[in-house]
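First comes the structure, then the notes that go with it.
Residue numbering restarts at 1 for every chain, and letters A, B, ... go by the order of the sequence lines. These numbers come from the heavy atoms of this one structure, side chains and all, not from hydrogens, waters or symmetry mates.
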Amino acid sequence: MSGVATMLQDKIMNARMAARAAALIFGAGLALPGLTMVASAAEQEHPPAQSWSFSGPFGRFNTAQLQRGFKIYREVCSNCHSLDRVAFRNLAEHGGLGFSEEQAKTIAAEYKIKDGPNDSGDMFERPGRLSDRFPSPFPNEEAARAANGGAHPPDMSTLAKARTYERGFPQFVFDIFTQYQEQGQDYIHALLGGYEEPPADVKAPKAGLHYNRYFPGHWIGMAKPISDGQVDYPDGTPTTVDQYGKDVAAFLTWAAEPHMMARKHLGAVVIFFLVVFAGLLYAVKKRVWHRWDTEHA
Amino acid sequence: MEATLEATSTHDVHEHGAPDPDRRDFLFLATGAAAAVGAGFLAWPFIAQMNPDASELALSSTEIDLSQVAEGQVITVKWRGKPVFVWNRTKDQIEKAKQVPLGDLVDPMARNENLEPDAPATDANRAAEGKENWLIVVGVCTHLGCVPLANSGDFGGWLCPCHGSHYDAAGRIRRGPAPQNLDIPPYAFESDTKVKIG
Amino acid sequence: MEGHSVYKPKSGVARWFEDRLPIVGLVHSSAIAYPVPRNLNYFWTFGGILSVMLVAQIVTGIVLAMHYVPSADLAFGSVEKIMRDVNYGWLLRYLHANGASMFFIAVYIHIFRGLYYGSYQAPREVIWILGVIILLLMMATAFMGYVLPWGQMSFWGATVITNLFSAIPVVGSSIVTWLWGGFSVGDPTLNRFFALHYLLPFMIAGVVGLHIWALHHVGQNNPTGVDVKDIRKDTVPFSPYATLKDGFALVCFFIMFAWFVFYTPNFLGHADNYTEANPLVTPAHIVPEWYFLPFYAILRAIPSKLGGVLAMFSAIAVLLVLPWLDGSRVRSCNYRPIYRIFLVIFAVDCVMLGWLGSKPPEGWYIPISRLATFWYFFHLLLILPVVSRIETPRPLPASIAESVLKRVKTRPGEPGLAPPAPGAA
């Protein structure tokens, strides 16, 4: 018997054993993180999953949708929510809202930015420039709380990544392969449309709270922020809360992950390269080992 | 690895009939090439991350109000983290700068980003177009990056305290180790009293 | 260990240099001629994968440190700046964050490979102990690294874990204050964690050096657990055989790594960490990163503060004496049918602990956690010592080469077999 057969047998056995153990250990390793998200959502209703243009390995932002979402942010959300990490220049960046630099400059100039101190030591206001970031509606957190009945409207720059809900076993394992990661977007969409009358036997824990089906614990400080027809869409898209929720969640996804399209694009290239390279390496390895085995059988 | 291949090639002949050196060589070559290409592309993000980031690139312009700069006065403003000198030159200083023959200059190039790169270093090419009293230069000595002192030196312009480079009233290097005239940044007058640098 | 060949400098310059610093010879003997058992399976590639992951974490970490600001006011913003503005910053950060998880996936497989094949037994006890030290250093590094983005989970994770030390009688609270450099987790804490997070990987690299040195001194274990008897017959030279095999496994591992980095980069993290740290608001549930969950479950399973902390540290400390708990003459579980079953149960128990670590400590989770914690120690402290001493192992092959040949004899008839080459050893 030659060493070829030896190695083949060896490989088959090793592979079986490796597969068994790897499935066990690796599966366990992966099983855990998904579970960690679980706990915080004990009493939270699952938001219904929406279809997002940017999900999956070839997902792309829909420029028109991002611009609509941005319009909602400007006209509605920005009254209370800041967008601290996003700059006007980002509006004209590739893979995002698709504005030209001129359009972005025009938008920036519509905002008043506090600058200074000037030569006499005073702060002053000037029109925004591309390098400026979106100004906050409140000068500080305390002012924001004072104006909102003690609740702090969270900054929206990373909001789409900072919200989630329990996926549960075994769904979270499948999520690795389906790449489902739009918990935050589904939640934001569901929350905007989730305002309803509380059940008859449920009382608000304190005044000024609003009942929302999807908010963990149901009682949220934010009053119903948007209603049908509130924001005008010149492109004829339906002006419903459902559509508003989708558009603003898409915009916030971009705000939280402005390089998402570049990331997914590069990912396809890298994984294609690695698969080809692995194939080549395997062929070389097989050939080199084969030679040793035939020599040392 | 090559040595192993050489030593075993006879076995290949025995066991598989005709040897197939071309395919083997191609496989090894392709794998090696793939590894090299992969390593090269992998290195790029690690190199590129040291370049100025997007927020740095966006901070490219500074606006200056010139109404407060008296005749003969030099002010220093910051642009991209560097000092920029804005000099409201007197008639006398302009005349002096204009009279310098191009042959006397160490660096005959204007070094003016608002002009063609081969423009000669005449005073007209150094000063602001149509506003010859204004001289706007990057305040960084072209020798090793120190900030020269205004209204000093033997040529009525700047003197770099680090290694003794003398610049004239048009910011041109006249004596000392610096190889080039002071750079002139891109700028545009938005009105008679307002200039935007960058 | 004696290798397959010896480096002989060819040119005069090489000879001159080798006489003064025999580094080329060292590299040759440890990375080229070093004999590797020919029957290693793919579980043995994880050592190489881990070395590469360590280097990858150090390299991505150093470039991230060029942009990161260790200040309570600026840390979160600086990470967001890396994600948004720095060229390829998003890639470098996702590589580093997911790289930590990949590192732990690989290290846990590596540890269980050692447990299954008895790689901790004589004469490899020191390799094993050095490995446990590396694991501890990795945990410290990962924990402090997770604090740096200064998100909600960073801050509260740091608060909870540093508070573990308050369980120490008498001096506990002074120690915690000392760790914090203040009266809560704050700027001084963040600064020192950053300094230590930068330092510890280099200490890991040092211990890894010792780990590999000790390994190359005694030689590798193998799936049969039988010692190498004839280097010519039982082993192959490290290069190109092991390097190619390791390389192939590494690239396969990178495919998985790339999947996470490019397609689900936040799957292994916590959504809460995209909210900036707020010392006044604790998230609903504090959960550590997945790789700490089994230990976290042990911590919570014990109903006393000090007891929980002691149990958690003991869970790792007990591994240090593992080589002496195992009394078997045979290393590999392939030849230990009874203990093998217990080891599988132990692995399931560890996974269970991980799952429990992610659950809130309430209801049925509490008794199950206690049972799983009990089993963890029961296995290591009682089952292993007893079963290993009373079990009759299956007969071992006489040599690695024979184990390889025997398998062929019992299952002949593979298609395409070539007759042995004439004159082959």
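- With hydrogens and angles disregarded, a donor-acceptor distance shorter than 3.5 Å links the side chain of A/His259 to the backbone of C/Arg84.
- At least one side-chain heavy atom of C/Val236 sits under 4.5 Å from a side-chain heavy atom of A/Trp289.
- Under a 4.0 Å N-O distance rule, the pair A/Lys285/C/Asp246 does not qualify as a salt bridge.
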Quick one: side chains of residues 256-265 of chain C, donor-acceptor pairs under 3.5 Å with protein atoms, not counting sequence neighbours, listed by atom name and distance.
unit_1   : atom_1 : unit_2   : atom_2 : d
C/Trp259 : NE1    : A/Ile176 : O      : 2.7
C/Tyr263 : OH     : A/Ala268 : N      : 3.1

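- Atoms CE and OG, from C/Met83 and A/Ser157 in turn, are 13.0 Å apart once rounded to the nearest 0.5 Å.
- Proximity to chain A is limited to the side chain of C/Tyr94, based on heavy atoms less than 4.5 angstrom apart.
- For A/Gln181, the part lying near chain C is the side chain, with the backbone staying farther off; criterion is any non-hydrogen pair under 4.5 Å.
- Relative orientation of the C/Phe248 and A/Tyr282 rings is tilted, given thresholds of 30° and 60° on the angle between their planes.
- For C/Glu276, the part lying near chain A is the side chain, with the backbone staying farther off; criterion is any non-hydrogen pair under 4.5 Å.
- Within the 3.5 Å criterion, the main-chain N or O of A/Arg263 finds no donor-acceptor partner in the side chain of C/Trp90.
- The CG atom of C/Asp272 sits 9.0 Å away from the OG1 atom of A/Thr164 when rounded to the nearest 0.5 Å.
- Side-chain atoms of A/Thr158 and C/Thr275, non-hydrogen and from C-beta on, never get closer than 4.5 Å to each other.
- More than 12 heavy atoms of other residues, nucleotides or ligands lie within 6.0 Å of CZ in A/Phe54, so this atom counts as buried by the packing criterion.
- Heavy atoms closer than 4.5 Å to chain C are found in the backbone of A/Ala255, but not in its side chain.
- For the atom pair CZ (C/Arg38) and CH2 (A/Trp292), the distance works out to 8.0 Å, reported to the nearest 0.5 Å.
- Both the backbone and the side chain of A/Pro57 come within contact range of chain C, judged by heavy atoms closer than 4.5 Å.
- Distance check, rounded to the nearest 0.5 Å: CZ of A/Phe277 to CZ of C/Phe254 gives 10.0 Å.
- Contacts between A/Leu266 and chain C at a heavy-atom distance below 4.5 Å involve backbone atoms as well as side-chain atoms.
- Looking at C/Ile255, the atoms closer than 4.5 Å to chain A (heavy atoms on both sides) sit in the backbone and in the side chain alike.
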*Steps toward side chain to side chain contact (heavy atoms under 4.5 Å, CB included) verdict (A/Gln179, C/Phe267)*: CA-CA 9 Å; A/Gln179 301 181 5; C/Phe267 181 84; over 6 Å; no

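- Atom NE2 of A/His46 sits in a crowded spot, with more than 12 heavy atoms from other residues, nucleotides or ligands closer than 6.0 Å.
- Salt bridge annotation for C/Asp85-A/Arg133: present, with a cationic side-chain nitrogen under 4.0 angstrom from a carboxylate oxygen.
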